[in-house]
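Just the heavy atoms: all of them, side chains too, but no hydrogens, waters or symmetry mates, feed the values below. This structure is a prediction, so every number in the text was calculated from the model and none was measured.
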Amino acid sequence: MTFDFMTFSNLPQSILRPLNIDEIAAIVEGDRKVVLQMIKEGGLPKSVLSRSKKGVIGSQQLLKPIACPIVHFQITTAHLLSPQPRRRLVREIGDVARGSSNQGVFEEGPLRVDLTGSVTKTVSKMASLASAEAAVRFHPEIRGGMPVMRGTRIGVYELADLCTFETAHYILEKYSGKFSKPDRRTPRTGKSL
């Protein structure tokens, strides 16, 4: 997806769910330890913490999708602002991401923050994660429930390992026929899914 300006309305519903720390860190291209520290020290508004019953997996807190642009801001720019303008900017980021604000720039003294660019970059990364998730399938009768590329029996982890040693061109050339015709039947039963 490429847009001049992206908001949450441009995202598929599959990604508008509580996200775990690793997903947030991958989206903002940050370290999970930094995200954990933000939560621990109260660097994120309490409103971004998921309050649903599914809000915690094991001992890991889940965050609402709006946390992504806010974490990105906290990592890249927040240290330049005092607490009061920081809180105003966090509110404005939420409004811009939801599409309820047309103000694309936040200015505080000599600091000028391009909110639309920052939000668009983060939302674009969220769209990429949703696209990657859509390409993966879990089914107990396909390789014992191991995640595979949809329409194939190629394991996601095997493909990821291969990516560390081979070029994308080589992988696409080697597996191009495997991705063209998805098998819509379950193994052993032959029934359509």
Testing the basics here: between [X] and [Y], what is the closest heavy-atom pair and its distance to 0.1 Å?
X    : Y    : result
G145 : F138 : O-CD2, 3.7 Å
I15  : E133 : CD1-OE1, 4.1 Å
S47  : K64  : O-NZ, 3.1 Å
R143 : G155 : NH1-N, 3.3 Å
G117 : D114 : N-OD1, 3.2 Å
I21  : Q61  : CD1-O, 3.7 Å

Check for a donor-acceptor pair, side chain of [X] on one end and backbone N or O of [Y] on the other, with a separation under 3.5 Å.
X    : Y    : value
R153 : V148 : no
T122 : S118 : yes
K125 : V28  : no

Anything under 3.5 Å between a donor and an acceptor, one on a side chain of residues 87-98, the other on a protein residue two or more places apart or in another chain? List them.
{"residue": "R88", "atom": "NH2", "partner": "E108", "partner atom": "OE1", "Å": "2.5"}
{"residue": "E92", "atom": "OE2", "partner": "S101", "partner atom": "OG", "Å": "2.5"}
{"residue": "R98", "atom": "NH1", "partner": "G94", "partner atom": "O", "Å": "3.2"}

Exercise. Side chains of F106 and T77: does their closest heavy-atom pair fall under 4.5 Å?
Worked result: no

Exercise. Is there side-chain contact between T7 and V123, with at least one heavy-atom pair below 4.5 Å?
Worked result: no

For this session: Report the C-alpha separation of L19 and R17 in whole Å, then their side-chain angles, then the decisive distance to 0.1 Å, and conclude whether the side chain to side chain contact (heavy atoms under 4.5 Å, CB included) test is met.
Result: CA-CA 6 Å; L19 302 166; R17 58 170 168 71; 3.1 Å; yes

For residues 31-40, please give each side-chain donor-acceptor pair under 3.5 Å, one per line with the distance, not counting sequence neighbours.
{"residue": "D31", "atom": "OD1", "partner": "K33", "partner atom": "N", "Å": "3.0"}
{"residue": "R32", "atom": "NE", "partner": "D22", "partner atom": "OD1", "Å": "2.5"}
{"residue": "Q37", "atom": "NE2", "partner": "E41", "partner atom": "OE2", "Å": "2.4"}

For this session: Please answer: with hydrophobic residues joined when any side-chain heavy atoms are less than 4.5 Å apart, are V105 and M6 in the same cluster?
Result: no

Problem set entry | Linked, directly or transitively: I154 and Y170 (ILVMFWY side chains, under 4.5 Å) |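 Shared cluster, yes.
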
Exercise. Would R150 and V136 satisfy side chain to side chain contact (heavy atoms under 4.5 Å, CB included), going step by step from the backbone distance to the final call?
Worked result: CA-CA 5 Å; R150 187 171 294 284; V136 175; over 6 Å; no

For this session: Just do the side chain to side chain contact (heavy atoms under 4.5 Å, CB included) check on R86 and Q74 with the steps written out, would you?
Result: CA-CA 9 Å; R86 188 180 312 148; Q74 295 284 29; 3.7 Å; yes

